[in-house]
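Values reported hereafter were calculated over all heavy atoms of this structure, with side chains retained and with hydrogens, waters and symmetry mates removed. Reminder, nothing fancy here: chain letters follow the sequence lines and each chain counts from 1.
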Amino acid sequence: METKSAEVWVFGDYRDYRRNRVTLELIAKARELAERLSSRCAVAVLGWNTAPYVMEYIAHGAEAIYVMEAPQLALFRSRIFTEALCHMIRLYEPAIFLVGGTDFGREFAPRVAKRLHTGLSSDCVGLEIDESNGLLVQTTPAFGGRLLAQVITPETRPQMATVRPGVFKERPHDETASAQVIYLEPGEFCQAEDVELLHEEELQDDGARLEDASLVVSVGLGAADPKRFQQSLHLARLLGGQIGGTRPLVKKGILAEERMIGQTGRSISPKLLISLGTSGALQYTAGIQNSQFIIALDRNPDAPIFRQADLGIVGNIEEILPRLLRTLEETQRGREEVAHA
Amino acid sequence: MEMAVCLKHVPEHAEIRWENGRWAIDRGGVPGRINPQDLEALEVALQLREIKGGRVTLLSMGPPQALESLMEALAMGADRAFLISDPALAGSDTLATSRSLAAALNRLEPRADLVLCGCRSSDSDTGQVGPQVAEELGLPYLGYALEVEIKQNHVYVLRRLDRRLQKLRATIPAVVGVLRAPRRPRDVCLGAVGKAFQSKECHMWNLRDLGLKTEQVGLRGSATVLVGLKEPSHGRQGKVLALPPHQAVEVILEALRRNHVLP
Ligand SMILES: Cc1cc2nc3c(=O)[nH]c(=O)nc-3n(C[C@H](O)[C@H](O)[C@H](O)COP(=O)(O)OP(=O)(O)OC[C@H]3O[C@@H](n4cnc5c(N)ncnc54)[C@H](O)[C@@H]3O)c2cc1C
């Protein structure tokens, strides 16, 4: 196959493989984009002992994989990775290069773009090909999520974007899929890290990363008294989720600052959001728009939150929440008994 | 220790209007403030100065209104300020912005040992300018910093990155991106701002002062082009039900099942 076929590339971030699915999500999207461009989807993998991930990427739809392996690449560090990727991109000239919007991705993609003098849009929530000119239209949130900006990179290459995790759906695992795998020699640049990693530890799931939670119970002023708040916390625990909330709760000192959702807080993208007693102020809803399904509970039928929810329940939290908890506890107890029987 | 803090003047709330069939953004006329994360970077710089001595220089690129933010930051204790302002800079993307900031940093006398910036801005929120400034200057970049220390000619950073806590070290000069952390920026009273206006100076730099050409900045120096703005469509089902509590609970449970939260 031609090498310089203006491929669509994805950065193969395999850290935290089980939970960080953004690479797989991007492969699925890149396949789609590549089809439009009559090209192919490729993954650029840098690292050490990457074979299992290479197999996974193929099973999830990659048509080509460019691999550079070296012990010095075992740790993800932005200077070395920038050097190596710029080298690969100059060799193969992909048309598009997509990077998962992890902290690391958002630190190193800008450096790659800068070095290649090309454009980069950040935290994209939509990507499509403009049929009239073949350009990648990158949709990215602007003004705290109140608007979506559409951005193109008309002249320079590759067209680059970092993409918010959870936006695209990964393809099903296909054991029979195959792909071309190209191993590249690591260059001298693999020595060139200018930042030393002295120590590293994994953080426990302390909720500091509300962005990663797949279920979030979000509390507003309507559920802010100590009893309701405790119950909300309990609900989150029962359902295996995280607690978050609106700004007034942070101001009252009930909620830690890093759990605040919204324009000035976190932007979350859980599979399910349960919003309790939040009126739906713009500054709050800016942070919840990427939730897959939103259940909102509020006693005011005109609360704007209902226009942002998939399922709105008009009712009094004081009556509904305890009842919901009781039912959940009962069913859970029932299940445990069955398990022990 | 010479420290430079990059600081952005962000609109408190930009007015966005639908006008003549297109979105118009009005950043003028609305009150602005220091981008909150840059304020944290400033606080880190001021604390480092307390320990190591030296000087804190502010650097901002933006319209003349950005002077307000610079004056406020001077009042908080920074030593001097430079505002890069030139009509040709309008419409710069991060590539062009980092080019201008790096050019200004190259012109500072003496050069900064440590460049500090916030990790993100509250308006455009790309998080790209810090790493791109470092890249342009050919300096190490240490982002997402919670704590910053200087020992001899090294900078030590404790940072949070993708569920990991990392301790990093680099030789200075270096660029550090500061994250919000429990480190409350100092308060400043109006009197102090007034005094800063009188006693401290803000230098203005235009494109020529930076030695840049118009085609290197602004829309012409940018690789990305904004082609549209639209309102997010939520595509939500928007079913709203008013039910007695026991039925409400049933409906919620059903939704939990459908979303695979419950079996
Ligand atoms: C510059 C700026 C930035 C901001 N950034 C953020 C941000 O990032 N995040 C954020 O959240 N806010 C932010 N805010 C604040 C925001 O504007 C709103 O004030 C806030 O989101 C409202 O919080 P709330 O919905 O909890 O409270 P409210 O608006 O008071 O809503 C409470 C709701 O609870 C309902 N309720 C009360 N009792 C019950 C009951 N017993 N049963 C059922 N329902 C009940 C009420 O009907 C009401 O709808 C910002 C504001 C500004 C000016």
Side-chain angles (χ1 to χ4, degrees), chain A residues 15-16 78-79 102-104 106-107 110-111 113-115 117-122 142-143 145-156 194-203 209 215 239 264 271-272 289 293-295 301 306-315 319-320 323-324 327, chain B residues 14 16 23 36 93-95 98 122-128 131-132 134-136 140-144 156 160-171 222-232 234 236-243 245-246 248-249 251-253 255-256 259 261-262:
Chain A
R15 296 166 307 155
D16 263 334
S78 63
R79 166 81 182 269
T102 59
D103 292 342
F104 180 78
R106 294 190 64 171
E107 175 171 297
R111 301 183 62 170
K114 181 81 196 181
R115 213 174 269 210
H117 299 288
T118 191
L120 173 63
S121 55
S122 67
F143 299 98
R146 279 184 293 161
L147 286 179
L148 294 174
Q150 291 178 305
V151 172
I152 56 169
T153 304
E155 274 151 30
T156 54
D194 55 6
V195 176
E196 260 177 285
L197 178 65
L198 301 178
H199 178 75
E200 176 173 80
E201 67 188 88
E202 294 248 343
L203 284 172
R209 299 281 309 177
L215 186 145
L239 299 175
T264 42
K271 293 208 168 72
L272 184 71
Q289 278 160 13
F293 195 90
I294 298 177
I295 302 176
F306 288 133
R307 291 200 292 277
Q308 308 256 2
D310 295 279
L311 173 62
I313 307 264
V314 183
E319 294 169 12
I320 296 173
R323 213 180 259 262
L324 176 64
T327 321
Chain B
I16 308 167
W23 290 105
D93 70 356
T94 65
L95 207 57
S98 56
S122 66
D123 57 346
S124 37
D125 194 19
T126 65
Q128 291 169 192
Q132 294 197 327
E135 194 59 33
E136 176 106 17
Y141 179 76
L142 304 91
Y144 309 104
Y156 291 79
R160 195 175 67 213
L161 177 113
D162 293 322
R163 227 184 265 284
R164 292 166 186 78
L165 207 55
Q166 298 185 326
K167 183 97 193 195
L168 303 178
R169 175 169 72 181
T171 327
S222 297
T224 54
V225 176
L226 178 69
V227 289
L229 278 174
K230 58 178 187 183
E231 256 175 312
H234 309 297
R236 307 244 172 247
Q237 292 167 8
K239 197 153 86 175
V240 182
L241 306 169
L243 300 168
H246 67 281
V249 167
V251 173
I252 294 170
L253 290 172
L256 292 176
N259 283 283
V261 176
L262 296 178

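- Within the 4.5 Å cutoff, the side chain of A/Leu197 has heavy atoms near those of the B/Gln166 side chain.
- Minimum interatomic distance between A/His117 and B/Leu95 (heavy atoms only, all atoms of both residues): C-CD2, 3.8 Å.
- The part of A/Leu272 that comes within reach of chain B is its side chain, from C-beta onward, which places non-hydrogen atoms under 4.5 angstrom from that chain.
- Here A/Leu311 is the residue among A/Leu215, A/Leu311, A/Ile295, A/Thr156 with the most heavy-atom pairs under 4.5 Å with chain B.
- The candidate from B/Leu161, B/Val249, B/Val240, B/Leu165 with the greatest count of non-hydrogen atom pairs under 4.5 Å with chain A is B/Leu165.
- With B/Asp162 contributing its side chain and A/Thr102 its backbone, the two residues share no donor-acceptor pair below 3.5 Å.
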Salt bridge (Lys or Arg N to Asp or Glu O under 4.0 Å) assessment of B/Glu135 paired with A/Arg115: CA-CA 7 Å; B/Glu135 194 59 33; A/Arg115 213 174 269 210; 2.3 Å; yes
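- Distance alone, capped at 3.5 Å, places no donor-acceptor pair between the A/Asp310 side chain and the B/Gly238 backbone.
- When heavy atoms are compared at a cutoff of 4.5 Å, B/Val227 approaches chain A by way of both its backbone and its side chain.
- For the set A/Glu107, A/His199, A/Glu155, A/Lys271, the count of heavy-atom pairs under 4.5 angstrom toward chain B peaks at A/Glu107.
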Candidate pair B/Leu256 and A/Leu239, rule side-chain contact (heavy atoms from CB on, under 4.5 Å), full reasoning: CA-CA 9 Å; B/Leu256 292 176; A/Leu239 299 175; 4.2 Å; yes
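- In this structure a side-chain-to-backbone donor-acceptor pair under 3.5 Å is missing from A/Lys114 to B/Glu136.
- The greatest number of non-hydrogen atom pairs below 4.5 Å with chain B, out of A/Leu120, A/Asp16, A/Thr118, A/Ile294, is found for A/Leu120.
- Listed options B/Pro140, B/Gly127, B/Ala255 were ranked by heavy-atom pairs under 4.5 angstrom with chain A; first place goes to B/Pro140.
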B/Leu168 and A/Glu196: CA distance, side-chain angles, deciding distance, side-chain contact (heavy atoms from CB on, under 4.5 Å) verdict: CA-CA 6 Å; B/Leu168 303 178; A/Glu196 260 177 285; over 6 Å; no
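- A/Arg323 places no side-chain N or O within donor-acceptor distance of the main-chain N or O of B/Ala248, the cut-off being under 3.5 Å.
- In this structure, A/Ile320 CD1 and B/His246 NE2 are separated by 11.5 Å, a value rounded to the nearest 0.5 Å.
- Judged by distance alone, with hydrogens and angles left aside, the side-chain atoms of A/Glu202 form no donor-acceptor pair with the main-chain N or O of B/Arg164 at under 3.5 Å.
- Here B/Arg163 contributes atom CZ and A/Leu203 contributes atom CG; the two are 8.5 Å apart, rounded to the nearest 0.5 Å.
- To the nearest 0.5 Å, atom CG of residue B/Leu226 and atom CD1 of residue A/Ile152 are 9.5 Å apart.
- B/Ser222 does not touch chain A: none of its heavy atoms, backbone or side chain, sits under 4.5 Å away.
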side-chain contact (heavy atoms from CB on, under 4.5 Å) assessment of A/Glu200 paired with B/Lys167: CA-CA 6 Å; A/Glu200 176 173 80; B/Lys167 183 97 193 195; over 6 Å; no
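- A 4.5 Å side-chain heavy-atom check between B/Val225 and A/Val151 finds every atom pair outside the cut-off.
- Contacts of A/Ala309 with chain B are made by backbone atoms alone, with heavy-atom separations under 4.5 Å and no side-chain atom involved.
- Looking only at heavy-atom pairs under 4.5 Å with chain B, the residue among A/Gly119, A/Ser122, A/Gly315, A/Pro154 that has the most is A/Ser122.
- Contact count versus chain B (heavy atoms, under 4.5 Å) is highest, among A/Glu319, A/Arg106, A/Arg79, for A/Arg106.
- Interface residue B/Tyr141: backbone and side-chain heavy atoms are both found under 4.5 Å from chain A.
- Within the 4.5 Å cutoff, no side-chain heavy atoms of A/Arg111 are placed close to those of B/Gln132.
- Comparing B/Leu243, B/Leu253, B/Thr94, B/Asp93 by heavy-atom pairs within less than 4.5 Å of chain A, the highest count is held by B/Leu253.
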